[in-house]
Amino acid sequence: MNSIDRNVVALKAAQSTGAKTTAKALLWRLVWLYVMGSAAAVVTTFFLVAIGLQLTSYQWLCLLGLTPAVVPVYVLFDIHMIRKHY
């Protein structure tokens, strides 16, 4: 069975299950995975900082105060670049 036959079989199987097979669906799946990975990175960073570093109250306030502003900036920029180059 060559690669074209395998792709046709996979496409028919996906269509029979009602799954989206468009490029747009793939793009949004990729974006969703990127956002979830970024959220996991932020949570992991906070966890490691909490168990490993002795931050002062001021440092914690800076970290917690700037995270909601900084993370969306780099995530939105990366999503823009993913969409541009997809």
Under 3.5 Å donor-acceptor pairs involving side-chain atoms of residues 73-83, not counting sequence neighbours:
| from | atom 1 | to | atom 2 | distance (Å) |
| --- | --- | --- | --- | --- |
| D78 | OD2 | Y34 | OH | 2.2 |

Are [X] and [Y] connected, step by step, through hydrophobic side chains (Ile, Leu, Val, Met, Phe, Trp, Tyr) whose heavy atoms are closer than 4.5 Å?
| X | Y | answer |
| --- | --- | --- |
| W32 | V42 | yes |
| V70 | V35 | no |
| V71 | M36 | yes |
| V49 | L64 | yes |
| L30 | W28 | yes |

Exercise. Kindly write out the residues that satisfy side chain to side chain donor-acceptor pair (under 3.5 Å) with T56, not counting sequence neighbours, or none if the list is empty.
Key: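 So T56 forms a side chain to side chain donor-acceptor pair (under 3.5 Å) with Q59.
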
Quiz item: Are the side chains of T44 and F47 in touch, meaning some heavy atoms are under 4.5 Å apart?
Solution: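 Result no, sub-4.5 Å side-chain heavy-atom pair not found.
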
